[in-house]
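Heads up, the thing below is written out as structure tokens.
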Amino acid sequence: MNQEDIFKKIISHCKEYGFIFPSSEIYDGLSAVYDYGQYGVELKNNLRQYWWKAMVQLHENIVGIDAAIFMHPTTWKASGHIDAFSDPLIDNKDSKKRYRADVLIEEHMAKIEEKINKEVEKAKLKFGDAFDEAQFRATNARVLENAQKLKLIEDRFALALNENNLDEVKQIIIDCEIVCPVSGSKNWTDVRQFNLMFSTQLGAVAEESGTIYLRPETAQGIFVNYLNVQKTGRMKIPFGIAQTGKAFRNEIVARQFIFRMREFEQMEMQFFVKPGTEMQWYEYWKNTRMEWHQKLGFPKAKYRFHDHIKLAHYANAASDIEFEFPFGFKELEGIHSRTDFDLKSHEKYSGKKLQFFDPEENQNYVPYVVETSVGLDRLFLAVIAQSYLEETLEDGSIRTVLKIPAFVAPIKLAILPLMKKDGLPEVARKIFADLSQTFMCQYDEKDAIGKRYRRQDAIGTPFCITIDHQSLQDQTVTIRHRDSMAQERVSITDLENLLLKGLKN
Ligand code: ATP
């Protein structure tokens, strides 16, 4: 099965098993907006909790807030979003399809890189242990030719973006002979900038001054509260403020399921540091965040860093943690060194001082900021995509299982009386009443036990316990492990400890 088919299966699995539904589906949905169902919301909550614990609970110098989605409109002037939060768009005149011009070029570059990698892989197979990859890359004519091509495009593209030269962006598309994937033609419009912020009106008066925006990032809610938190929390630099919440972007092209949505959730942390120390903290947070992702237990090769070639207007360094989704390596989290751009700009527009008095230096300064910003929905997609498996069993049958890391699984334990009689449901319900105090449990007595196991596999439940007639005699149950399907007999009184152990991360 190719990756595209697997991705389609994952999307339909998410819908069929109550993880994600298209928004307002009875009206045929709303483009790039999704609702989380009964299991989706549990997984999402657990992932948010995993982040909050790592960032807030485990750091004595990081605290959390929950700022409003609506903010004073000057916030977005100060942050640069009104003037610069836009993407370059281009239309194909034949198919009438709209694209992000930068993405067309990036995808073209990725194809060239793929060609190079294929050449390397081929040589690796041919030469075996004797293969010297560095030497091959430095000497092979085809690799060198493609690498040079790539470098040329990369340099032109970086310059065009930095100079905001949209004609040059179009020229690159033409020179690279990029065609519309739908019409196959090179009949492109000019490139123009499109602001991604949604606007609405505050109150009843529909005047220009009443225009407010749905926040396109959660970060600004943290910047405007910098002083409130610093003073009331008596925070000393370096310290961080974290928050999770909805953000809204009128994305030009919103495909790939929940990867790019118009309403999504971010988990962001701004770390305020002494000017001059930001690069050290930037490296620290890059590594710390990568370790956090890898603690989910998926293969390390699924993650990589990607340093930005074009820096946002506020940054002096930026890197993405990319994950290999079914449609390739794409951004999962951004780590940005934002300098003192935001606080200084808010000082300018608000007329309020947003500084820190450093007792060691005996002076005031505007702190620098290193930001970590991960999309909760993208994290959700990474987890689901990596967990989805179709396993062929010994008897030739296929089971679909979500091998979600146990500690974030939506349902931790399924409680299954073997039969609906002889007092088995009563024992099972008593176990449910006890263990649901600590774990998200599900009680299920319908259908044959094999079918019930499959249902739990499909939603990623790491443990199932079965209550049978022996349970009535000796207060034991069988516990079945999702990944190995192994079963063992354990005492009911040992269950809670066993589960606590099995759900540690
Ligand atoms: P991209 O380049 O993919 O548009 P970005 O660089 O604009 O993303 P940031 O502004 O750095 O993204 O936002 C931080 C994080 O928020 C991203 O790493 C991503 O996980 C998430 N995110 C951004 N835009 C969306 C979206 N439209 N839908 C879902 N998640 C998003």
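We count ligands from 1, going down the list as the structure has it; atoms in each ligand are counted the same way.
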Determine whether the side chain, the backbone, both or neither of Arg100 has a heavy atom under 4.0 Å from any heavy atom of ligand 1.
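For Arg100, only side-chain atoms sit under 4.0 Å from ligand 1.
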At a non-hydrogen distance cut-off of under 4.0 Å, which region of Leu332 contacts ligand 1 (side chain, backbone, both, or neither)?
backbone
Write out the residue and atom name of the closest protein heavy atom to [atom], then the distance separating them to 0.1 Å.
{"atom": "atom 19 (C) of ligand 1", "result": "Arg378 NH1, 3.5 Å"}
{"atom": "atom 21 (C) of ligand 1", "result": "Gly375 CA, 3.6 Å"}
{"atom": "atom 29 (C) of ligand 1", "result": "Phe259 O, 3.2 Å"}
{"atom": "atom 16 (O) of ligand 1", "result": "Gln266 NE2, 3.3 Å"}
{"atom": "atom 6 (O) of ligand 1", "result": "Glu331 OE1, 3.1 Å"}

Mark up the atoms of ligand 1 that fall under 4.0 Å of a heavy atom belonging to [X], in ascending order.
{"X": "His336", "value": "11 (O)"}
{"X": "Met261", "value": "26 (C), 27 (N), 28 (N), 29 (C)"}
{"X": "Ser373", "value": "13 (O), 14 (C), 15 (C), 18 (O)"}
{"X": "Arg260", "value": "1 (P), 3 (O), 4 (O), 26 (C), 27 (N), 28 (N)"}
{"X": "Glu333", "value": "18 (O)"}
{"X": "Glu251", "value": "24 (N), 26 (C), 27 (N)"}
{"X": "Arg249", "value": "5 (P), 7 (O), 9 (P), 10 (O), 12 (O), 13 (O), 23 (C), 24 (N)"}

Taking the six-membered ring for Trp, are [X] and [Y] closer than 6.0 Å centroid to centroid?
{"X": "Phe327", "Y": "Phe259", "result": "yes"}
{"X": "Phe272", "Y": "Tyr226", "result": "yes"}
{"X": "Phe323", "Y": "Phe325", "result": "yes"}

Relative to each other, are the rings of Phe380 and Phe19 parallel, tilted or perpendicular (30° and 60° limits)?
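Because their plane-to-plane angle is over 60°, the rings of Phe380 and Phe19 count as perpendicular.
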Which label fits Trp292 and Tyr50: parallel for a plane angle under 30°, tilted from 30 to 60°, or perpendicular past 60°?
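Answer is parallel, since the angle falls under 30°.
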Can a donor-acceptor pair be found between the side chains of [X] and [Y] at a distance below 3.5 Å?
{"X": "Tyr36", "Y": "Asp377", "answer": "yes"}
{"X": "Glu283", "Y": "Gln280", "answer": "no"}
{"X": "His293", "Y": "Glu333", "answer": "yes"}
{"X": "Asn92", "Y": "Ser183", "answer": "yes"}

Tell me, please: is Asp377 in heavy-atom contact with ligand 1, that is, under 4.0 Å?
no
Quick one: does NZ or CZ of Lys286 land under 6.0 Å from the six-membered ring centre of Phe305, within 45 degrees of the ring axis?
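The answer is yes; both the distance and angle limits are met.
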Which one of Phe380, Phe85, Phe264 has a non-hydrogen atom at the shortest distance from atom 25 (C) of ligand 1?
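The nearest heavy atom belongs to Phe264.
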